[in-house]
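Scroll down for the structure; my scribbles are underneath it.
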Amino acid sequence: MTIDTSAIPPHTLLAERLPDGNRRWLHVAPDGLRELPDALGLGDLLGGDADAFTAALAAAAPVAHREVEPAAPVDPDTEVWAAGVTYTVSREARMEESEQSADVYAQVYDAERPELFFKATGWRVSGPGEAVGVRADSTWDVPEPELAIVCAASGEIVGATVCNDVSSRSIEGENPLYLPQAKVYRGSCAVGPWIRLNEGVGDLRALAIEAAIEREGAPLWKGDTTTARLHRTPEELADWLFRGDDFPRGVVLSTGTSAVPGPELTLEAGDRVTIDIEGIGRLANPVLRGKAGFGR
């Protein structure tokens, strides 16, 4: 999949996939396209505070618009974290799937401390058009369309992207202690299609989210929500994440979902998941079952 950079809205940070599999970072600025040095990665841009991030983008060299193939907007060592039970619908769904321990989810929704968990390292993250996966030993698997915030090492939010936090509800439903296996496996995380900077994305608490699943080319499911329903602010979630750890090369934090299929539907190989977030863009991925087919 290629796209003309002139069609991308300004205030966007884009990872271009190169023929050798590496990435080159591009800044679609209001005055045109800017190309960052090949040696400069996302972690270098996020290694300081928001002002340093902005200055590095402004210093990039102007180039002509061109056709590019977008890659996942992360470095191989970028950490992706996620928050859970941040919407009322998510709390109810998790309680439904985990009848033996439903109180755990009710308590974390109302607690001061949010649920935060590690999701993926950058080299495991799928980008636009790349496959997401469901575990071969799971029977109930769903996409989780989420707003993801991009934070500098200072903890400041500098932009946002789309995340598909694919999950095994059957495994998590057996026991909450199985959460890492339900959430962290090959193909469980997709991010993209790019990073919209703060100047372009607007109010993070007022973004419409739409998700859809197609099977054999036909619509199967559609859901929608808005980040206005978030129980916690993105800034609050970022603050909690940085309270106990440092992220010297920045971090991506997915903020939770409230648009998830019910128990009557599970993802299958060959399905296609599409997530649209207002002000950011569309992330679309086919589905594979099992870890075969995901390369290093």
Side-chain angles (χ1 to χ4, degrees), residues 1 15 17-18 20-23 41-43 69-84 94 97 115-146 148 150 161-195 211 213-215 247 249-257 260-261 265-275 282-296:
M1 178 189 78
R17 185 187 306 280
L18 301 177
D20 62 3
N22 290 318
R23 292 168 174 80
L42 181 64
E69 180 182 358
V74 292
D75 286 341
D77 65 348
T78 300
E79 292 186 28
V80 180
W81 285 67
R94 300 271 285 274
E97 76 189 20
E115 177 193 14
L116 297 172
F117 55 90
F118 175 79
K119 181 65 182 180
T121 49
W123 68 268
R124 290 184 170 92
V125 173
S126 299
E130 296 181 320
V132 293
V134 294
R135 290 182 63 123
D137 58 355
S138 175
T139 59
W140 182 14
D141 305 276
V142 295
E144 295 194 8
E146 306 186 10
V150 180
T161 186
V162 182
C163 180
N164 188 353
D165 172 21
V166 192
S167 304
S168 167
R169 296 185 68 176
S170 59
I171 291 176
E172 185 179 359
E174 289 180 42
N175 191 312
L177 295 179
Y178 294 159
L179 177 70
Q181 296 177 73
K183 290 283 193 179
V184 184
Y185 58 87
R186 286 309 306 270
S188 68
C189 183
V191 172
W194 40 61
I195 297 169
I213 302 173
E214 295 179 2
R215 181 166 294 167
F247 299 91
R249 292 178 59 78
V251 65
V252 176
L253 174 59
S254 203
T255 60
T257 189
V260 180
L265 189 149
T266 184
L267 286 174
E268 296 181 0
D271 289 350
R272 176 181 170 86
V273 179
T274 304
I275 302 170
R282 168 174 291 184
L283 176 64
N285 306 91
V287 178
L288 295 178
R289 176 166 288 277
K291 64 179 182 178
F294 292 95
R296 175 65 170 84

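N164 places no side-chain N or O within donor-acceptor distance of the main-chain N or O of C189, the cut-off being under 3.5 Å. Between the E172 side chain and the L179 main chain, no donor and acceptor come within less than 3.5 Å of each other. Of the possible polar contacts, none joining the T274 side chain to the R272 backbone as a donor-acceptor pair under 3.5 Å is found. The main-chain N or O of A72 is found under 3.5 Å from a side-chain atom of R23 such that the two form a donor-acceptor pair. In this structure, W140 contributes its side chain and I171 its backbone to no donor-acceptor pair below 3.5 Å. Judged by distance alone, the side chain of T161 and the main-chain N or O of W194 form a donor-acceptor pair under 3.5 Å. Here the side chain of D271 pairs no donor or acceptor atom with the backbone of R215 at under 3.5 angstrom. Judged by distance alone, with hydrogens and angles left aside, the side-chain atoms of D75 form a donor-acceptor pair with the main-chain N or O of G43 at under 3.5 Å. Between the side chain of K183 and the main chain of K119, no donor-acceptor pair closer than 3.5 Å is present. With hydrogens and angles disregarded, no donor-acceptor distance shorter than 3.5 Å links the side chain of Y185 to the backbone of K291.
The shortest non-hydrogen separation linking E146 to T255 is OE1-N, 3.7 Å. Taking each heavy atom of A83 and L116 in turn, the nearest pair found is CB-CD2, 3.8 Å. The shortest heavy-atom contact between L265 and P261 is CD2-CB, 3.9 Å. Residue N285 comes nearest to G127 through the heavy atom pair ND2-O, 2.8 Å, listed as atom of the first residue, atom of the second, then distance. The minimum heavy-atom distance linking P193 with L283 is given by the pair CD-N, 4.3 Å.
Between V162 and P145 there is no side-chain heavy-atom pair separated by less than 4.5 Å.
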Notebook entry, point to check: Run the side chain to side chain contact (heavy atoms under 4.5 Å, CB included) check on I195 and L42 step by step: do they pass?
Noted result: CA-CA 11 Å; I195 297 169; L42 181 64; 4.1 Å; yes
Next item on the list: Go through V134 and V166 one step at a time and tell me if the side chain to side chain contact (heavy atoms under 4.5 Å, CB included) criterion holds.
Entry: CA-CA 7 Å; V134 294; V166 192; 4.3 Å; yes
Next item on the list: Kindly determine whether E174 and Q181 satisfy side chain to side chain contact (heavy atoms under 4.5 Å, CB included), including the steps that lead there.
Entry: CA-CA 11 Å; E174 289 180 42; Q181 296 177 73; over 6 Å; no
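Not counting sequence neighbours, Y178 has no partner by the ring-ring contact (aromatic ring centres under 6.0 Å, His included) test. Contacts of A131 classified as side chain to side chain contact (heavy atoms under 4.5 Å, CB included), with partners at least two apart in sequence or in another chain: P286, L288, F294. Every residue meeting the side chain to side chain contact (heavy atoms under 4.5 Å, CB included) condition with T121, not counting sequence neighbours, appears here in chain and number order: F118, W123, R124.
One distance of note links CG of D165 with CD of E144; it measures 4.5 Å at 0.5 Å rounding. Interatomic distance, CZ of F247 versus CG of L253, reported as 8.5 Å (0.5 Å rounding). Atom CD1 of residue I275 and atom SG of residue C163 lie 7.5 Å apart, to the nearest 0.5 angstrom.
None of L267, D141, T139 except one satisfies the side-chain contact (heavy atoms from CB on, under 4.5 Å) rule with S168; the exception is D141.
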